[in-house]
2 protein chains.
Amino acid sequence: MANKLNLDKLDYQIIHEMMENAETSYADLGKKLFVSGGTIHVRIKKLQEMGVVKGSRLNVDLKMLGYDVIAFIGIYLEKSSLYDNVARELAKIPEIVRMNYTTGNYSILAEIICKDINHLRNVLHDQLQKIKGIERTETFISLDESLNRNVQVSANGEN
Amino acid sequence: MANKLNLDKLDYQIIHEMMENAETSYADLGKKLFVSGGTIHVRIKKLQEMGVVKGSRLNVDLKMLGYDVIAFIGIYLEKSSLYDNVARELAKIPEIVRMNYTTGNYSILAEIICKDINHLRNVLHDQLQKIKGIERTETFISLDESLNRNVQVSANGEN
DNA sequence: ATTGAAAGAGTCTCAGT
DNA sequence: ACTGAGACTCTTTCAAT
């Protein structure tokens with residue numbers, strides 16, 4: 001996509017600051033970036049209207065909530081034309097949080113978050129295996145998530 | 001982890017509501033869940049103090065910002081004992097946003113977000129290849145991200 | 001486009017239940 | 001533990017620059 005949004009350095013700085021911590025007040029962020037709170041407000045509103053900023057998500061400790069298992073599932077399809085259909089069925093499973101149609105080994109690389117290994121096994125066996133069009137799957141269970149962050153948008157826009 | 005946090009149904013409901021959209025006001029959320037805004041406030045504060053709620057992140061359209069390429073990298077290590085060291089080096093690359101130590105084929109499954117294919121190639125060639133301990137890598141480029149959401153925390157707590 | 005101030009809305013605290 | 005009201009802070013608007 002052509003990056004012709006005409007964002008300036010301030011826009012990038014705001015995005016950069018709020019991507020990891022969306023709680024900072026406009027006044028404080030303004031102080032940090034040497035503009036008024038009103039300006040921050042105008043910019044964020046502009047970014048929302050443009051669709052660059054789509055909202056914000058609560059960041060929770062899933063382990064504390066009892067979700068102990070993150071796993072990745074490489075999915076082989078019988079025919080790649082079945083992708084849309086399989087994707088639609090996968091999306092119905094609430095434990096599946098992410099799906100990418102990829103080059104390479106697998107047709108689909110999905111991510112799933114479960115309470116425990118039993119829960120994972122149940123979803124794989126009772127739901128995933130029943131979807132038509134999936135040839136086979138490979139599951140990678142995460143033993144340690146050592147990094148999970150947002151991409152660091154560089155604060156040096158073109159303007 | 002033993003899920004002995006003594007969260008009740010209301011706590012789970014609040015988490016559930018705010019995980020996809022952290023913008024709802026306490027007053028509105030209270031109306032929806034049939035309690036006062038003050039109660040929502042007390043609960044969220046409690047959840048923050050417990051460490052269940054860790055903050056919130058701005059949700060941006062990376063494609064609009066010129067980040068067109070999401071890829072996953074399966075990494076084979078020469079020896080699994082090199083994990084800590086490799087993980088530390090990988091974390092220094094800002095384009096790497098996620099890293100999991102996994103069972104199965106690869107030792108590490110990483111995610112990388114780049115502006116374009118050239119950018120990806122440069123990071124793989126100039127930075128990843130130079131890390132000691134990596135035997136080889138397999139790259140899966142995402143052609144389509146059909147799903148990216150938070151896990152739906154079930155709002156039926158134990159209490 | 002940015003500012004600063006005023007109006008409006010939301011958060012936070014607390015006494016009462 | 002929840003409520004409602006008051007104090008406070010933040011967002012939002014707007015006239016002036």
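Chain A is the first sequence line, chain B the second, and so forth, proteins listed ahead of strands; every chain is numbered from 1. Because the structure is a prediction, the values reported are computed rather than measured. Below, each value reflects all heavy atoms present in this structure, side chains not excepted, and no hydrogens, waters or symmetry copies.
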- prompt: Which of residues 28-57 of chain B sit near DNA chain C, with a heavy atom under 4.0 Å from it?
  reply: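 H41(B), K45(B), in order of number.
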Closest heavy-atom pair, R43(A) versus D8(A), reported as atoms and distance to 0.1 Å, is NH1-OD1, 2.8 Å
Side-chain ion pair, R121(B) and D126(B), N-O less than 4.0 Å: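 Not counted as a salt bridge, because no side-chain N and carboxylate O are separated by less than 4.0 Å.
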Y26(B) atom OH is separated from dC2(D) atom P, nearest whole Å, by 15 Å
Atom CD1 of I14(B) and atom C1' of dA1(D) are separated, to the nearest Å, by 13 Å
Hits for ring-ring contact (aromatic ring centres under 6.0 Å, His included) against Y67(B), two or more places apart or cross-chain, chain-then-number order -> none
Winner on side-chain proximity to L10(A), out of dT11(C), dC2(D), dT2(C), is dT2(C)
Side chain of S25(B) (C-beta onward), nearest among dG10(C), dC2(D), dT11(D):
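The nucleotide sitting nearest to the side chain is dG10(C).
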With a 4.5 Å limit on heavy-atom distance, are the side chains of L124(A) and N122(A) in contact? no
Next item on the list: Report the distance from atom OH of Y101(A) to atom CD1 of I108(A), rounding to the nearest 0.5 Å.
Entry: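 Y101(A) OH to I108(A) CD1: 8.5 Å, rounded to 0.5 Å.
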Review item, side-chain donor-acceptor pairs of residues 49-58 of chain A, under 3.5 Å, at least two apart:
residue : atom : partner : partner atom : Å
S56(A)  : OG   : E23(B)  : OE2          : 2.9
R57(A)  : NH2  : N148(B) : O            : 2.9

